[in-house]
Amino acid sequence: MNIIVCVKPVPDPEKYHLLKIDTKTKRLIREGIPTILNPCDRTAVEAALQLKETHGGKVVILSMAPLFSQDRIREALAMGADEAYIACDALFAGADTFSTSYTLMKAIEALGVRFDLILTGTESADGATANVPTQLAEWLSYPHATGVSDIEVRDGYATVRKKIEQGRIGYRIKLPVLLSVEKNAYRPRLISAMNVIGAGKKTIGILTAETLGVDECRVGLKGSPTRAGELIQLDLRRAGREISGEPEEIARRIVDIAKKSGVNC
Amino acid sequence: MRQGFLKERRWIVAIKKILIYAEVFDGVLLPGYRELLSKAKEIFQGRGAVFAAAYAGPRNAVIAEELRQSGIHELYVMNSPLLDLYHPEYHLTALEMIVREADPDVLLITATRAGEEMSAALGVRLKTGVTAHCADLVLSGDGELTQMVPAFGGKVVGEIFTPTTRPRIASVKSGTFMAADLDAEECRETEVSAAPLDALNPSVEIVGFEKRATKKMPITAADVVICGGYGVATRENFRILEEVAEQLSGAIGGTRPALDAGWIEDESGMIGTSGRTVRPKVYIGFGVSGAAHHVCGIKDAGTIISVNQDPDAEIFEVSDYKAIGDARAVAQALRAHLARSGDETAPRINP
Ligand SMILES: Cc1cc2nc3c(=O)[nH]c(=O)nc-3n(C[C@H](O)[C@H](O)[C@H](O)COP(=O)(O)OP(=O)(O)OC[C@H]3O[C@@H](n4cnc5c(N)ncnc54)[C@H](O)[C@@H]3O)c2cc1C
């Protein structure tokens, strides 16, 4: 069974408090924030590796990402994936989810392999739209299910459980299918030093706009139906008046404040 | 920069029709519909815009009437027994057919697990832009829809436009806007044929559904929300917070680490960008550090009180009141205090 996992390098979400907006240029200053492999995507890689262990085949990693983030993609190889490709071209810059998913579709087609499963994380930590998985499935005319756990494959079908607000729906879906994997559904394996050395030896394939034969009107900023305007940093500061004293005193004050704020207690 | 961009764009027709997807579960209209309609009316009312609703589900006279009375001018329905439990192919095709029929300039969808999928997929089907999880919708000076989206966990908010394609598709999490009381309008109804569903030959089959056990008070509806963060440290301590929430007739919620630790059941109890937005009269957080992802979900709370042992905790900057102290100790004192005052107000039996 061939599985492709789409991943994305993102600025480390634990460091977002360091983000600032340049008051003059209105651009985001990301200095001091390292790039990591999107946390949700590790879960998807793990799911793929477990399925490979049961069913055989290969696990391929794909990312539309700048060249400098190659080492992050390599982490997925170190986890045990077989091959990795980066779709990378100046023409891809400024893409929204529409043109990103189009580009990923072209990349998957260009690899010339029939993938039974396309796996992704639920969302990226930076934009967090959760659009790309479903949009990629649409470009490929594959069925999809997002936020799934308990993936089982048998006789050309995948069964999954999809979380919705009211519970979990069980789906049985004909392969090939695109699935985005629920955040805590699989525990990503740890990477050993040996794995890192092994992954370091593998080459990462680079896919350019030319190799993919993309329609230039569909990629990058030009292919994006949405446009970004200004960035605004919200000012959420409040007074921060201190309640001091022993816990009993603090408790009494909290109840007083709650009453004053209109709560019956 | 932005001015330049607006000048540059090719003009497309002004916003005349807004279609809102009315998601129904188990015969109940989900609240996101009224929230979106209220917001849409707030920004487009008086501009001659037509407000419309889309319903795709089993035939349901009660829901249809509820929608007709909700303040819309047009109702589009596709009735089919295939549209009961959310099905990624049937529901998507149904909404696609309705949108093609209604031909709106703006399509608003509540960002439920189903709505998120449908909005994204429709963007590709209709070759138009999708803006996910808008924190606000406003009109720019020239009448264009400006979709305000949080990025980087809500640390920043960016304006997003869909300048040249239509409909502009926006998804919004339930609880982001407040539902207003809207007067009914004269409403025209269109039934869209469900024949495309029967012709679909789907790849997806529904093989089961496990309903989640209905739990206590939802955090989005409570006047008081108690939130436990990782600093609460143990399940036992978290229980104390649950009891305090109960004493205050409020709801208990948590941060992401509280969810990961299993102290709260699922995302419906998590507060923040990946969970729920809450707007209680009072929010009391214990052992919460104040990450952007979390703060984004409490910014509209009336009064924010935080208990944290770290005097430099970031949460204090966005709090009205801060108590520097141990979460467990304050929670226990609060429980004891409320138990006592509860006794005082209880009716006395003659000695
Ligand atoms: C894509 C993405 C989405 C996310 N979405 C959400 C979301 O929706 N909601 C959310 O909450 N998080 C979310 N997160 C996680 C978020 O970034 C933070 O990691 C999280 O909010 C931190 O939770 P916390 O404050 O409970 O824990 P911590 O950051 O670990 O903070 C614990 C706090 O407790 C204090 N403390 C420790 N011991 C005590 C004590 N004895 N008494 C009092 N105080 C004590 C500490 O001083 C500290 O401030 C998301 C992350 C990502 C990457």
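Not measured: the values here are computed from a predicted model. Note on naming: letters A, B, ... go to the chains in the order of the sequence lines (proteins, then strands), and numbering restarts at 1 for each one.
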**Message:** Within the supplied structure, the quantity of interest is the number of heavy atoms (other residues, nucleotides, ligands) at a distance under 6.0 Å from A:Asp22 CG; does it exceed 12?
**Reply:** yes

**Asked** Given a strict heavy-atom distance threshold of 4.5 Å, which part of A:Ala258 is in contact with chain B: side chain, backbone, both, or neither?
**Response** both

**Request:** Pick one of side chain, backbone, both or neither for B:Phe316, based on which atoms fall under 4.5 Å of a heavy atom in chain A.
**Result:** backbone

**Request:** Evaluate the criterion side-chain contact (heavy atoms from CB on, under 4.5 Å) for residue pair B:Val156 and A:Ile232; output intermediate values, then yes/no.
**Result:** CA-CA 6 Å; B:Val156 295; A:Ile232 298 154; over 6 Å; no

**Request:** Starting from the C-alpha separation in whole Å, work towards a yes-or-no answer on salt bridge (charged side-chain N to carboxylate O under 4.0 Å, His left out) for B:Glu210 and A:Arg161.
**Result:** CA-CA 10 Å; B:Glu210 302 146 52; A:Arg161 299 206 303 163; 2.5 Å; yes

**Complete:** From the list B:Leu30, B:Thr112, B:Leu85, B:Val28, side-chain contact (heavy atoms from CB on, under 4.5 Å) with A:Gln166 holds only for B:Leu30

**Asked** By a 4.5 Å heavy-atom criterion (distance strictly below it), what part of B:His87 contacts chain A: side chain, backbone, both, or neither?
**Response** backbone

**Under 4.5 Å from a heavy atom of chain A, the part of B:Ile315 involved** = neither

**Request:** For chain A, find which of B:Ser171, B:Pro280, B:Ala301 contributes the most heavy-atom pairs closer than 4.5 angstrom.
**Result:** B:Ala301

**Structural part of B:Leu92 lying under 4.5 Å from a heavy atom of chain A** = side chain

**Complete:** chain A shares the most heavy-atom pairs under 4.5 Å, among B:Val330, B:Leu334, B:Val307, B:Val318, with B:Val318

**B:Arg276 portion near chain A, given a 4.5 angstrom heavy-atom threshold** = side chain

**Request:** State plainly whether the residues B:Arg113 and A:Glu182 are in salt-bridge range, i.e. N to O under 4.0 Å.
**Result:** yes

**Message:** Can you tell me which portion of A:Lys163 sits under 4.5 Å from chain B's heavy atoms? Options are side chain, backbone, both or neither.
**Reply:** both

**Residue A:Phe98 versus chain B: region with a heavy atom under 4.5 Å** = side chain

**Prompt:** Okay, side chain of A:His17, backbone of B:Ala291: is any donor-acceptor separation there less than 3.5 Å?
**Reply:** no

**Complete:** Cut-off 4.5 Å, heavy atoms of chain A, and the answer for B:Ile206 is both

**Message:** Are there over 12 heavy-atom neighbours, none belonging to A:Arg237, within less than 6.0 Å of that residue's CZ?
**Reply:** no

**Asked** Side chain, backbone, both or neither: which part of A:Pro11 has a non-hydrogen atom closer than 4.5 Å to chain B?
**Response** side chain

**Prompt:** Is there a donor-acceptor contact under 3.5 Å from the side chain of A:Glu242 to the main chain of B:Lys322?
**Reply:** no

**Request:** Could you tell me which portion of B:Asp26 (side chain, backbone, both or neither) has an atom closer than 4.5 angstrom to a non-hydrogen atom of chain A?
**Result:** neither

**Request:** For side-chain contact (heavy atoms from CB on, under 4.5 Å), just list the numbers for B:Lys127 and A:Arg218, CA-CA rounded to whole Å, side-chain angles, deciding distance to a tenth of an Å, and then say yes or no.
**Result:** CA-CA 10 Å; B:Lys127 303 288 177 282; A:Arg218 283 268 182 256; 3.5 Å; yes

**Prompt:** Which region of A:Ile250, side chain (C-beta onward) or backbone (N, CA, C, O), has a non-hydrogen atom less than 4.5 Å from a non-hydrogen atom of chain B, or is it both or neither?
**Reply:** side chain

**Asked** Relative to chain B, which segment of A:Asp126 carries a heavy atom at a distance below 4.5 Å: side chain, backbone, both, or neither?
**Response** both

**Asked** Tell me, side chain or backbone of A:Ser244 under 4.5 Å from chain B's heavy atoms, or both, or neither?
**Response** neither

**Request:** Could you have a look at B:Val282, B:Val207, B:Asp326 and say which one has the most heavy-atom pairs with chain A under 4.5 angstrom?
**Result:** B:Val207

**Message:** Heavy-atom cut-off 4.5 Å, strictly under: side chain, backbone, both or neither for A:Ile21 against chain B?
**Reply:** side chain

**Prompt:** Are A:Glu165 and B:Phe25 close enough, and set up right, to give a side-chain contact (heavy atoms from CB on, under 4.5 Å), and what steps lead you there?
**Reply:** CA-CA 10 Å; A:Glu165 287 74 9; B:Phe25 183 84; over 6 Å; no

**Asked** For B:Ala121, is it the side chain, the backbone, both or neither that has a heavy atom under 4.5 Å from a heavy atom of chain A?
**Response** both

**Item:** Side-chain heavy atoms of A:Lys183 within contact of B:Arg256, under 4.5 Å
**Value:** yes

**Request:** Give, as side chain, backbone, both or neither, the part of B:Ile169 having an atom under 4.5 angstrom from any heavy atom of chain A.
**Result:** neither

**Message:** So which atom in A:Gln135 and which in B:Val124 form the shortest heavy-atom distance, rounded to 0.1 Å?
**Reply:** CB-CG2, 3.6 Å

**Request:** Name the member of B:Asp320, B:Thr273, B:Thr131, B:Thr303 that forms the most heavy-atom pairs with chain A at distances under 4.5 Å.
**Result:** B:Asp320

**Aromatic ring pairing B:Phe152/A:Tyr16, orientation class (parallel under 30°, perpendicular over 60°, tilted between)** = perpendicular

**Message:** Regarding B:Glu205 and A:Arg172, does a basic nitrogen lie under 4.0 Å from an acidic carboxylate oxygen?
**Reply:** yes

**Request:** Tell me, for B:Gln332 versus chain A, whether the close heavy atoms (under 4.5 Å) come from the side chain, the backbone, both or neither.
**Result:** neither

**Under-4.0 Å salt bridge between A:Arg227 and B:Glu144** = no

**Which atoms of A:Glu123 approach chain B - backbone, side chain, both or neither, heavy atom under 4.5 Å** = side chain

**Message:** If we define contacts as heavy-atom pairs under 4.5 Å, which of B:Ile160, B:Val244, B:Leu122, B:Val149 has the most with chain A?
**Reply:** B:Ile160

**Message:** Do B:Glu117 and A:Thr146 pair up side chain to side chain, a donor and an acceptor below 3.5 Å, judged on atom types alone?
**Reply:** yes

**Prompt:** Is atom CZ of A:Arg189 surrounded by more than 12 heavy atoms (other residues, nucleotides or ligands) closer than 6.0 Å?
**Reply:** yes

**Per-residue contact mode, A:Leu136 against chain B (heavy atom under 4.5 angstrom)** = neither

**Message:** For A:Lys174, is the NZ atom crowded, meaning more than 12 foreign heavy atoms sit under 6.0 Å from it?
**Reply:** no

**Prompt:** Looking at side-chain heavy atoms only, is the closest gap between B:Ile305 and A:Ile243 below 4.5 Å?
**Reply:** yes

**Message:** Quick check on B:Val224 against chain A: is it the side chain, the backbone, both or neither that has a heavy atom closer than 4.5 Å?
**Reply:** side chain

**Prompt:** Between B:Gly129, B:Ala323, B:Pro88, B:Gly158, which residue shows the highest count of heavy-atom pairs closer than 4.5 Å to chain A?
**Reply:** B:Pro88

**Request:** With a 4.5 angstrom heavy-atom cut-off, could you sort out which part of B:Met148 is near chain A: side chain, backbone, both or neither?
**Result:** side chain

**Request:** With side-chain contact (heavy atoms from CB on, under 4.5 Å) as the test, would you mind laying out the steps for A:Ile254 and B:Tyr321 before giving the verdict?
**Result:** CA-CA 9 Å; A:Ile254 288 176; B:Tyr321 295 93; over 6 Å; no

